[in-house]
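First up is the structure itself, then whatever we jot down about it.
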Amino acid sequence: MSQQGYVATPPYSQSQSAMGLSPPLYGHYGDPSHAGAPPGVMKPAGPMGAAPGGVLPPGPPPPGPHQFGQNGAHAQGRPPQRFPGPPPANNAASSYAPYPPATQSSYPSAMPTASVSQLGSQLDTMHISYGSGTAPPGQAPSGQGAPPPPLQPSILQPGSQVLPPPPTTLNGLGAPPMPPSCPAPPSAQLQPPPLPGQTLGSGYPPQQGIYGAQMPGAQLAGPGGFPGGPAQMAGPAPPQRKLDPDAVPSPIQVIENDRAARGGQVYVTSTRGQVPPLVTTDCVVQDQGNASPRYIRCTTYCFPCTADMAKQAQIPLAAVITPFATVPANETPLYLVDHGEAGPVRCNRCKAYMCPFMQFTEGGRRFQCGFCSCVNEVPPSYFQHLDHMGRRLDHSERPELSLGSYEYVATLDYCRKNKPPSPPAFIFMIDVSYSNIRSGLVRLICEELKAVLERLPREEPEAPSAIRVGFVTYNKVLHFFNVKSNLAQPQMMVVTDVAEVFVPLLDGFLVSYHESQAVIHNLLDQIPDMFADSTENETVFAPVIQAGMEALKAAECPGKLLIFHASLPTAEAPGKLRNRDDRKLINTDKEKVLFQPQSGVYDALARDCVAHGCCVTLFLFPSQYVDVASLGLVPQLTGGTLYKYNNFQLHADSQQFLTDLRNDVEKKVGFDAIMRVRTSTGFRATDFFGGIVMNNTTDVEMAAIDCDKAVTVEFKHDDKLGEDSGALIQCAVLYTTIGGQRRLRIHNLALSCSAQLADVYKSCETDALVNFFAKSAFKAVLHQPLKLIREILVNQTSHMLACYRKHCASPSAASQLILPDSMKVLPVYVNSLLKSCVLLGRPDTPTDERAFQRQLVMTMGVADSQLFFYPQLLPIHTAAAQSPSPAVPAAVRCSEARLSEEGVFLLADGLRLFLWLGASCPPELIQGLFNVPSLAHVSADLTVLPEVGSPHSQALRAIVGALQRKRPHSMKLVVVKQREQPAVAFRQLLVEDKGLDGAPSYVDFLCCLHKAVCQLLN
Amino acid sequence: MATYLEFIQQNEERDGVRFSWNVWPSSRLEATRMVVPLACLLTPLKERPDLPPVQYEPVLCSRPTCKAILNPLCQVDYRAKLWACNFCFQRNQFPPAYTGISEVNQPAELMPQFSTIEYMIQRGPQSPLVFLYVIDTCLEEEDLQALKESLQMSLSLLPPDALVGLITFGRMVQVHELSCEGISKSYVFRGTKDLTAKQIQDMLGLTKPAMPMQQARPAQPQEHPFVSSRFLQPVHKIDMNLTDLLGELQRDPWPVNQGKRPLRSTGVALSIAVGLLEGTFPNTGARIMLFTGGPPTQGPGMVVGDELKVPIRSWHDIEKDNARFMKKATKHYEMLANRTATNGHCIDIYACALDQTGLLEMKCCANLTGGYMVMGDSFNTSLFKQTFQRIFSKDFNGDFRMAFGATLEVKTSRELKIAGAIGPCVSLNVKGPCVSENELGVGGTSQWKICALDATSTLGIYFEVVNQHNAPIPQGGRGAIQFVTQYQHSSTQRRIRVTTIARNWADAQSQFKHIEAAFDQEAAAVLMARLGVFRAESEEGPDILRWLDRQLIRLCQKFGQYNKEDPTSFRLSDSFSLYPQFMFHLRRSPFLQVFNNSPDESSYYRHHFARQDLTQSLIMIQPILYSYSFHGPPEPVLLDSSSILADRILLMDTFFQIVIYLGETIAQWRKAGYQDMPEYENFKHLLQAPVDDAQEILQARFPMPRYINTEHGGSQARFLLSKVNPSQTHNNLYAWGQETGAPILTDDVSLQVFMDHLKKLAVSSAS
């Protein structure tokens, strides 16, 4: 989805601008006490009872989820009965019955009640099916009583049939639908009758009497939606059905299945176009000619052959590249290839680097480039004979011939000004204004730096780090420090000319920590005292970055600025900001302004920084609005990281901050990088997302890129792709190592191509898709009204599904929502994305938080975005109970219904970490975890888990540690006690539930999608 | 005549005043016919050990436009306790303190011997002196070391309560904070960006005094009277600290590439210094002392780019309009100089480098503010070290010989008006009835500001006789002039020195001889020279020379005795006899000739010429030459090539240089080592004599002259040869006898030729 997608309304757009829905009422949804209820209870009410329509051939459109119609009517005057439903007569009366809340009595909290009340009733018209898209067209509809199409294990059909959870095989390629032999996720007791396909018939007790009337529809568009709730009352009410949330595809199930199928195995990358395991699955990757999925993940591993097909399917073709991803210790690190002064062998025409895709011919004297097909002479120094297979004899000895990822030593031609680069420098820039002094932060930083500096990253483990360090403090003026090793005392140089800031000294500013240790320690000891009496409140910001950048420029080295900043920079200087936090803009066309930087200063500054290889990492300690949209721009574009600690409290937040600081300093990072993505003919990279700056259409410039930063690249066809040749991608990153070496890192990936859309769908990867959707949407946020963006997201999702249904799935009832196996959980992710605070503003969400998350997501890799959009909810009580040697317990779905009063749950999304304590949590557990007698004694301010010797505590801490280890941001632990705290933030992470402000639940969204798909199909 | 010489000398000693004419022609017409204007050289603070200041305030004439100070020339009615102002004739009551006044009980200011009197003012706050060091760090290591030592030494010479500040500059400008403990702290400015005073003060945090702090502690509201305390601290408090700071000064750390000059931000450094003082100590005595070792190469006030292959501008470039930075730089420094003068501060320039340092552009800083200008080859020379030390020398009272923030006001009787002044001063633009419309020098005002002055600072003040020819002044009438100099003494007291002089009027027709006899040719020569040099700053050299020549010819025509068209009959009276010779040497002096001098040197010479007293000025115009020989005691000899003899030792004092020149024979003797042989001890004494005399001069002179010891044929002998009258040149060598000195290889005309022409022109009726 390129940005243009947001500009022009897609042709398929049905103007679903106000796609609201009144979800069906669903009494037992989320009621933990009923988790194990017999299936009978779970039977959704199906208007389809009438609905042979569910499987009826195309004749009449499926019974109108009237809400769609109504909403549409509201927007366009379309009659609600656009989809004439099944005979509504029998439903009509009941559907208007008043909603009796009493039926919900068993539900403990009011919230779910609300959400229940808004469940879409149109589920009655909907069947969810998933299967591999290989079903030959024209296959008999399942409703004909024929055996279920083997490749279309539709699991859920309206009414009585609740299909088993997905089979363990990932997408059931060619396999017949399996009986639900595998245990379902938590609510495993639910054993729907294994009668796939036999959905018709009479078994649809309407049950409307129980569930009463629908409520005014939830509006998918959230607050931006239409005002016409009451309009829904206009049409005849649809029958009320309930849809078992356990029946809708579960991400947890998908993850667990993949883990079970492929976890712990060796994934060999030799095959073109093979779909790797999910990011959540641990396996060992063996590079055999294609880059590890740790480096590159694609939205689909099989590209459609033609642009038309691509357009039809609307599946974005994109790769999420994490060129510096960390590889586990049990995988081989990248080989370093040194061709001496000759440098890497490259194609003469397209300049692609030597890689396994090059075909050697004429006895090894020439090679044909796999990307542009140009035939090149092999340089004499590189010549090697070919074996009988046509492979070079040294094939296995040369990484560049046999591996998907490797590094070259770059020659001087690849260096700035043809001079070998200097090792990078780290400049620590500390805001010493009043608030930071008062909070004790300055002292904390200075103390910590002493430890951090000891652990600067180094290339040679034994040698001292080549990185030089410098120190600046600032409030509304800047203080540089001369810490030259021969000085007895550091010297302070104040630069007050913030309008045109400059570096007052060169020699002595950037020093080797190793040499100047004494002076630096002296300085760090003095800084907190030096400003102890400062009452300066105003700060500058842009000049600080400028100064750091100038320092690196003057020293002719790349580097990283670590800025510790507290407040809105209001002092008179370039980049001065005013408080413009105007929540009134939310849900207006001007909302995008909140995400844009206040002035062009920061954008220009970021570009300057990138041009000089200056990466900015920002630690923010705001106590109020600080305009993250402006402050965070430079860190985002320069490949830095923004860490934000709201209302920083020394006792509560130090741990989190110090961990972040340590990790950020220590992590592997490449500086002054230029990335180029080359593709074989027929398609090309058209759009890039991430912490990058582009001055032309091909060169991706990055001041720095670390192991957590990903660049998402979108591809477009410019010609036909051949099924034989496939689609090749080569990503080359030229960068400077922390030791000051210039290197080229090459990642190669071969994808297959197919003229069958089904193949494309089969090879999709939801996590990468979501990553792409999120980035493209979050990028568009700057320019487009949010409402439009949400619509387009829904449109594109529904279009993908509609296309699948139309071209790949076997004909089935219109009432069925058919999901390709590879996209089974796409709806829940997309819904989460739609509900993210970036895309859905609420007056009580701080503007800064939204800007922060927007910038954060822009550089996320697939694993991070997966967790971010589908947080992990871990039942700790079970884990602790299971074993003393803790393994991370199986997660449960992100829904309040999955919480149990007796349980303790951990919820993490990569940024936040909640420990939820059920109200009836056993005291032994509490004692074991917190060493206090009861729940009441657990402090709500707790941010660090007490070290208790109990197995519970050990397990919990081990789990938290494991969660934490893989994440770029350290998460602060927040304790949430059931029914005691409002815990809005906690609720928001339960992404399957209805949002606090009426954002649709997972089930609602499925209904909405279904309706959209139906519309498209008609 | 002797009486006039005595009179003149007596007046000079008492009042520090030398008039060109000591009897004044009584009408405008006659005065203009006298060619040399009525003018005087005034040394406002001439050292007067015999004149203790009186401890009260002066009595002023009550007429608001006059406000002349009671003086011996006033008529006093002792009975009525009235006095009449001798300038405006206003009758004034004596103030109450004077009730006891009578013929026998006169206050000092009425006694004739107190025509110059000094009052001490007790009013007003006393603010400490401020010394702000502005140091170039783009020096050679050795130079910087020497400079650091000199500066550290100077700390011990400063008055203990004086405030000092430190600014260093190179590529950047650093203002050092002196008060802080522990870590040394400085404010850094980019050397390329011109800043307004307001910006500088903002950036240094001077605009916001620490008011909140003081409000919090109302008990000590006056604890910090000066917000600048961070940058300017009393010497006694921080001399240790500052000594260390100076000791740790490093050369500018920014790399200088091959073929480049170091980047030196003199312009910005000065601007910041000026701005700092402007914001903190306006109108109190303050010295900005700039030590620089090269030309400004960047930012406002840059004189030359940093490419070494492009040499700094020469006179040739300036004539060809090829000095691309000169105008802009000059403008920058003029702006700074004017601001400094307005604040009553002064800027000293100590420029030590082998090449030029941009004094041409920067000269106004010293010229307009009364600051010193010192030019040397290196900071590691005794020339600089001694000169610098001498700045802090003390007088007989133990006070520093420096005074600050002076205003000089001149009042004249009605027949006179003030045309202008030439010297280290700026106009205060005070118009009044006694201000002439014709300007000579800095005119259009009756008051000038002299931001820094010492006992030798001398101004030329030019007057115009405005009495009309047809309104004769009664016989015996006297014209009066009062000079009122208010200044801040180095002890930080305010003082007022008042000098009131009177001269007789004479009718030019009937009393021509009186006027002629009362001509002070030395003063006249210096005054004319000052006019010439003043004009030379803005006009082309040849024009000035022509103007000088014309004035000289007219003077000769007026006062010479001759028969028309008969040059041989031309005679000048004794009081004029030396004047043409002065003019001859003036024409050849570096003040008007730029040949062989760099623009910096010319600026340097002119700077000193415009501020030294009469004696020193005359030495500059016509150097003194002494001859030492076995033939007799040392004797002054003609500044003529004929004085250069083989068996003589010559000692020449040009003010800027002291040259000892050994004649050919003497040099050979010395080479042979006779001076070391006991039997030729007299030769040793002969060699030693001029050296001792030179030392004597060197000890007294400020700035310390360049000391040159050379001999016949030595390369340095050019200093002597270029000064002497080239009576023998390669052109006329053989026309003269053998025994007559050394020929000079020059095409310049000799004094004889000059005089011949002068006579011819003077007697010619054509001109």
Side-chain angles (χ1 to χ4, degrees), chain A residues 434 471-473 475-484 486-511 519-520 522-538 540 543 546-547 550 554-556 571-573, chain B residues 137 168-177 179-196 198-208 210-213 215-216 230-231 241 244-245 247-256 263 265 268 271-272 275-276 298-299:
Chain A
Y434 178 64
F471 301 88
V472 173
T473 59
N475 38 46
K476 67 179 198 181
V477 297
L478 280 75
H479 320 108
F480 291 76
F481 293 93
N482 185 350
V483 283
K484 206 171 168 176
N486 60 4
L487 290 174
Q489 278 266 5
Q491 291 173 350
M492 177 194 218
M493 301 176 112
V494 186
V495 170
T496 48
D497 187 1
V498 288
E500 224 180 304
V501 78
F502 59 95
V503 194
L505 77 167
L506 189 60
D507 188 26
F509 178 60
L510 293 178
V511 297
V519 192
I520 290 173
N522 187 334
L523 173 69
L524 293 173
D525 285 339
Q526 290 199 45
I527 285 178
D529 300 327
M530 219 182 307
F531 301 99
D533 303 328
S534 166
T535 53
E536 186 58 67
N537 276 321
E538 291 193 307
V540 294
Q546 178 90 28
E550 298 281 349
E556 293 187 333
E572 199 53 59
Chain B
T137 53
T168 55
F169 67 94
R171 186 171 178 145
M172 306 285 171
V173 180
Q174 282 176 264
V175 184
H176 295 265
E177 197 174 301
S179 56
C180 55
E181 304 281 317
I183 207 165
S184 78
K185 189 170 171 186
S186 59
Y187 283 65
V188 190
F189 295 82
R190 192 195 282 272
T192 50
K193 189 175 172 187
D194 200 8
L195 299 161
T196 64
K198 171 88 171 52
Q199 284 172 310
I200 291 168
Q201 288 155 21
D202 279 349
M203 290 178 180
L204 290 176
L206 302 179
T207 38
K208 253 197 298 179
M211 284 315 284
M213 303 286 271
Q215 279 164 355
R230 284 183 299 155
F231 303 108
N241 196 332
D244 291 349
L245 196 57
E248 279 179 18
L249 268 191
Q250 299 291 317
R251 293 179 61 200
D252 194 50
W254 294 85
V256 179
L263 288 173
S265 332
V268 171
S271 172
I272 289 168
L276 172 62
Q298 69 166 1

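Numbered from 1 within each chain, the chains take letters A, B, ... in sequence-line order. Side chains included, hydrogens not; waters and symmetry mates left out as well; all remaining heavy atoms used.
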Chain B contact via A/Leu523 - side chain, backbone, both or neither, heavy atoms under 4.5 Å: side chain

Straight-line distance of A/Asn482 CG to A/Phe471 CZ, nearest 0.5 Å: 12.0 Å

Distance-only side-chain donor-acceptor flag, B/His176 / B/Thr168, under 3.5 Å: yes

Gap between atom CZ of B/Phe189 and atom CG of B/Leu195 - 0.5 Å precision: 6.5 Å

Most chain B-contacting option - heavy-atom pairs closer than 4.5 Å, from A/Glu500, A/Gln489, A/Gln491: A/Glu500

4.5 Å side-chain heavy-atom contact, B/Met172 and A/Phe502: yes

Interface moiety of A/Phe481 toward chain B, non-hydrogen atoms closer than 4.5 Å: side chain

Under 4.5 Å from any heavy atom of chain A - which part of B/Glu248: side chain

Residue selection (most heavy-atom pairs with chain B, distance under 4.5 Å) from A/Val477, A/Val503, A/Asp529: A/Val503

Residue pair A/Phe509 / A/Met493, side-chain heavy-atom distance below 4.5 Å: no

Between B/Pro255, B/Ser186, B/Pro253, the one whose heavy-atom pairs under 4.5 Å with chain A are most numerous: B/Ser186

